[in-house]
Novice: 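I'd like to ask some things about the structure below.
Quick note: residue numbers are just sequence positions, from 1.
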Amino acid sequence: MSRVDKRGIARYNNIMTFERQKRNGYIKPKQYVRWYTADGVRAVTVKRPIGRTVFILAAVICGLLIPLIVMLELRTDTALAEWWTTHIEAGWEKVVGTLTSWLPFSVTEFFIVCIIGLSVFFYVRLIVNLGRARFKRILTGALSVCVGVVYLLNLYVLSMAFAYYRAEMPIPQSQKKYDVEELKAVVEYFLADYNNLAVTLPRDKNGCVECPYTFSELAERIKIEYARLTDDYFNQYTPTAKPVVNSWFLSQMMITGMTFLPTGEATVNTAAPPTTRTITLAHELAHAKGVFREGDANLLARYILISADDDYLRYCGYYYAFDNLLEALALAESDQLYQEYLYRVDDRVYIERRFIIEYWNSQWNLLGQIAEFFNNLYLKSNGASNGTGSYEDSNQSSVVTPTDPSTGLPERDPETQKPVRIINYSKVQKMFFAVYESRLG
């Protein structure tokens with residue numbers, strides 16, 4: 001009685017299956033195939049060496065790192081940063097911004113959505129390749145991602161990073177020393193206008209002042225206001241701000257807008273309350289004008305809004321900065337006067353403020369904290385030692401009390417015998433004084 005040669009049958013089936021797959025094009029030349037010896041034993045698999053693709057990708061990464069490192073080192077020089085911003089970055093923004101302005105959607109938002117989609121795709125591929133022990137593919141994929149990241153970093157530094165190290169921003173600043181009575185006159189002037197606008201401008205059901213313009217009309221109005229800046233410090237080109245379709249997600253991350261000059265765009269969260277949208281639009285366009293330090297961008301946005309002839313824009317400016325002006329009274333050692341004027345602001349303003357605070361408190365705090373953490377790191381990497389605290393750099397004021405070197409006691413005024421107090425008003429307060437002086441001649 002004969003036995004079936006199972007090993008011979010298996011060897012024959014394996015060879016025939018391979019030949020059939022090869023004829024039908026299923027076996028690619030670079031694929032590995034399990035070969036069998038004549039007696040049906042599996043042959044040792046010979047591993048191919050790492051292909052040229054890995055070395056080419058590594059070389060590309062090294063090549064891209066060279067200009068990136070050079071630009072990061074050069075950007076800290078103030079003179080070079082000034083020239084780069086007004087020539088290279090301004091030229092890039094004008095060309096790219098003009099091209100992207102023809103598109104009805106935000107290229108920045110589209111780019112971010114694509115990045116998220118690609119991240120999910122590469123993560124799934126990584127899991128699959130790990131399961132199949134395809135380590136060469138994992139290495140190739142990782143290097144490909146690195147090439148894309150370093151390339152984008154080059155574009156970012158080329159178009160944005162130098163502006164953080166520029167010289168001081170030129171903006172109207174009063175050099176006059178205001179005493180308490182003069183401060184009262186300034187506060188009275190702006191308070192009267194603020195309260196008048198708070199009463200006369202229409203409001204929505206939430207108590208917020210309604211924006212009388214569509215988003216595109218509002219963007220165009222603020223763009224026209226920025227045309228008043230004629231100093232060469234500011235980029236002459238001003239992009240048209242665009243709304244973000246997925247603004248709900250920005251709200252969850254406590255983000256009101258962003259400017260991304262690799263695409264030449266300024267984008268705004270349209271889900272935020274109306275006044276916040278207007279303030280954000282002015283702030284983002286300040287970045288687009290070449291002002292990237294957050295404190296300077298806030299200062300410029302305040303100035304553009306407060307000095308505008310448009311009632312709605314002026315109201316948003318007061319809402320944004322009037323408290324900063326009132327703090328000048330507290331600096332002048334008049335806390336009671338400060339409280340008095342604080343309570344004189346129309347109640348409608350506080351109703352609107354309460355709604356806006358409640359709106360932001362209703363968002364998911366976890367995402368907001370994550371966004372805050374990365375924004376803090378980002379700003380520190382661009383020279384802001386205080387990170388997100390740099391948003392209030394233009395609102396830093398101080399009081400100096402000099403001492404008599406002979407006695408070590410505080411110096412006293414010869415007439416009043418009160419300790420001498422030297423007040424250093426903030427840039428925002430000096431800007432208010434300059435606007436006041438210009439209006440009254």
Novice: When rounded to the nearest 0.5 angstrom, what distance separates OG in S394 from CD in E294?
Specialist: 10.5 Å
Novice: Can you establish whether the number of heavy atoms outside K223 located under 6.0 Å from its atom NZ is more than 12?
Specialist: yes
Novice: Measure the CE-CG distance between M253 and L367 for me, rounded to the nearest 0.5 Å.
Specialist: 6.0 Å
Novice: Whether the E437 and S174 side chains hold a donor-acceptor pair (N or O, under 3.5 Å, no angle test) is what I'd like checked.
Specialist: yes
Novice: For T259 and E284, test the side chains for any donor-to-acceptor distance below 3.5 angstrom and give the result as yes or no.
Specialist: yes
Novice: Hey, can you tell me if W84 and F162 have their rings parallel, tilted or perpendicular (30° and 60° cut-offs)?
Specialist: parallel
Novice: Looking at A371 and I255, what are the two nearest heavy atoms and their distance?
Specialist: CB-CD1, 4.3 Å
Novice: Please report the interatomic distance CG(L72) to OG(S381), rounded to the nearest 0.5 Å.
Specialist: 9.0 Å
Novice: Tell me whether the count of non-hydrogen atoms from other residues, nucleotides or ligands lying under 6.0 Å of CZ in F105 goes above 12.
Specialist: yes
Novice: What pair of heavy atoms forms the shortest contact from M431 to L299, and how long is it?
Specialist: CB-CD1, 4.2 Å
Novice: For residues Y156 and F260, establish whether the separation of their ring centroids is below 6.0 Å.
Specialist: no
Novice: Does the Q252 side chain pair with the main chain of W364, one donor and one acceptor, at a distance under 3.5 Å?
Specialist: yes
Novice: Check step by step if side chain to side chain contact (heavy atoms under 4.5 Å, CB included) holds for I423 and Y425.
Specialist: CA-CA 6 Å; I423 300 174; Y425 292 112; 3.6 Å; yes
Novice: For the residue pair T388 and L379, establish whether any side-chain heavy-atom pair is separated by less than 4.5 Å.
Specialist: yes
Novice: Just say parallel, tilted or perpendicular for the rings of H283 and H287, cut-offs at 30° and 60°.
Specialist: perpendicular
Novice: Does the cation-pi check pass for R166 over Y233, that is, NZ or CZ under 6.0 Å from the six-membered ring centre and within 45° of its axis?
Specialist: yes
Novice: Return yes when atom CZ of F110 has more than 12 non-hydrogen atoms of other residues, nucleotides or ligands closer than 6.0 Å, and no otherwise.
Specialist: no
Novice: About how many Å separate CD1 of I56 and CD1 of I61, when rounded to the nearest 0.5 Å?
Specialist: 12.5 Å
Novice: For K177 and E182, run salt bridge (charged side-chain N to carboxylate O under 4.0 Å, His left out): C-alpha distance rounded to whole Å, both residues' side-chain angles, the deciding distance at 0.1 Å, then the answer.
Specialist: CA-CA 9 Å; K177 300 298 181 181; E182 291 170 327; over 6 Å; no
Novice: Would you say T278 and I222 make side-chain contact, with heavy atoms under 4.5 Å?
Specialist: yes
Novice: Do N298 and Y303 have side chains that get closer than 4.5 Å, going by heavy atoms?
Specialist: no
Novice: After noting the C-alpha distance and the side-chain angles of L191 and R344, does the key distance pass the side chain to side chain contact (heavy atoms under 4.5 Å, CB included) rule?
Specialist: CA-CA 8 Å; L191 179 61; R344 285 178 57 187; 3.9 Å; yes
Novice: Taking the six-membered ring of Y178 as reference, does the NZ or CZ atom of K176 fall below 6.0 Å from its centre and within a 45° cone about the axis?
Specialist: yes
Novice: Given 3.5 Å as the limit, does a donor-acceptor pair link the side chain of R277 with the main chain of A272, or not?
Specialist: yes
Novice: Within the 3.5 Å criterion, strictly below it, is a donor on N424 or S398 matched to an acceptor on the partner's side chain?
Specialist: yes
Novice: Taking the six-membered ring for Trp and the single ring otherwise, decide whether the centroids of Y436 and Y189 are under 6.0 Å apart.
Specialist: yes
Novice: Which atom pair, heavy atoms only, marks the closest approach of F234 to L300?
Specialist: CE2-CD2, 3.9 Å
Novice: Please state whether the rings of Y194 and Y318 are parallel, tilted or perpendicular, taking 30° and 60° as the class boundaries.
Specialist: tilted
Novice: From K427 NZ over to Q173 CD, what is the distance, rounded to the nearest 0.5 angstrom?
Specialist: 7.0 Å
Novice: Got more than 12 heavy atoms from elsewhere within 6.0 Å of CZ, F249?
Specialist: no
Novice: Do the side chain of Q369 and the main chain of L366 share a donor and acceptor less than 3.5 angstrom apart?
Specialist: no
Novice: Do R203 and C208 touch side chain to side chain, with heavy atoms closer than 4.5 Å?
Specialist: no
Novice: Ignoring hydrogens, what is the shortest heavy-atom contact between A301 and Y226? Give both atom names and the distance.
Specialist: CA-OH, 4.0 Å
Novice: Are E109 and N246 linked by a side-chain donor-acceptor pair shorter than 3.5 Å?
Specialist: yes
Novice: Does L64 offer a backbone N or O that forms a donor-acceptor pair with the side chain of N154 under 3.5 Å?
Specialist: yes
Novice: When you look at CG of D231, are more than 12 heavy atoms from neighbouring residues, nucleotides or ligands closer to it than 6.0 Å?
Specialist: yes
Novice: How long is the span from the CG atom in L68 to the CG atom in L158, to the nearest 0.5 Å?
Specialist: 11.0 Å
Novice: So, for T230 and Q236, which heavy atoms are closest and what is the spacing to 0.1 Å?
Specialist: O-NE2, 4.5 Å
Novice: With side chains defined as the heavy atoms from C-beta onward, is the minimum distance between T238 and K289 less than 4.5 Å?
Specialist: yes
Novice: Does N196 CG have over 12 foreign heavy atoms under 6.0 Å away?
Specialist: yes
Novice: Is it the case that the side chains of T280 and T256 hold a donor-acceptor pair, with the cut-off being a distance below 3.5 Å and no angle test?
Specialist: yes
Novice: Looking just at side-chain N and O atoms, do R228 and S307 make a donor-acceptor pair shorter than 3.5 Å?
Specialist: yes
Novice: Can you see whether N382 engages R75 through a side-chain donor-acceptor pair at a distance of less than 3.5 angstrom?
Specialist: yes
Novice: Have N269 and S251 got a donor and an acceptor in their side chains that come within less than 3.5 Å?
Specialist: yes
Novice: Under a 3.5 Å distance rule, please check whether Q396 uses its side chain to pair with a backbone N or O of E392 as donor and acceptor.
Specialist: yes
Novice: For the residue pair R353 and Y319, establish whether any side-chain heavy-atom pair is separated by less than 4.5 Å.
Specialist: yes
Novice: Side chains of N386 and D393: is there a donor and an acceptor less than 3.5 Å apart?
Specialist: yes
Novice: Can a donor-acceptor pair be found, under 3.5 Å and without considering hydrogens, that links the side chain of T100 to the backbone of G97?
Specialist: yes
Novice: Take atom CZ of R125 as the centre, draw a 6.0 Å sphere, and report whether it contains more than 12 heavy atoms from other residues, nucleotides or ligands.
Specialist: no
Novice: Can a donor-acceptor pair be found, under 3.5 Å and without considering hydrogens, that links the side chain of N324 to the backbone of N395?
Specialist: no
Novice: For the residue pair T108 and T263, confirm or rule out a side-chain donor-acceptor distance under 3.5 Å.
Specialist: yes
Novice: Just by distance, with hydrogens left out, do E352 and T275 show a side-chain donor and acceptor under 3.5 Å apart?
Specialist: yes
Novice: Scan side-chain atoms only and decide if T270 and S247 contain a donor-acceptor pair under the 3.5 Å cut-off.
Specialist: yes
Novice: For atom OH of Y378, is the number of surrounding heavy atoms from other residues, nucleotides or ligands below 6.0 Å larger than 12?
Specialist: yes
Novice: Under 4.5 Å between any side-chain heavy atoms of E358 and R354, yes or no?
Specialist: yes
Novice: For side chain to side chain contact (heavy atoms under 4.5 Å, CB included), just list the numbers for R314 and L305, CA-CA rounded to whole Å, side-chain angles, deciding distance to a tenth of an Å, and then say yes or no.
Specialist: CA-CA 5 Å; R314 212 162 59 253; L305 295 175; over 6 Å; no
Novice: Any idea which heavy atoms bring K380 and S385 closest together, and the distance?
Specialist: CE-O, 3.7 Å
Novice: Would you say the side-chain atoms of T78 and Y165 include a donor-acceptor pair closer than 3.5 Å?
Specialist: no
Novice: Would E220 and Y213 count as having a side-chain donor-acceptor pair, cut-off 3.5 Å?
Specialist: no
Novice: Would you say the side chain of F215 lies within less than 4.5 Å of the side chain of P243, judging by non-hydrogen atoms?
Specialist: yes
Novice: When you compare the side chains of Y359 and T276, does any donor N or O come within less than 3.5 Å of an acceptor on the partner?
Specialist: no
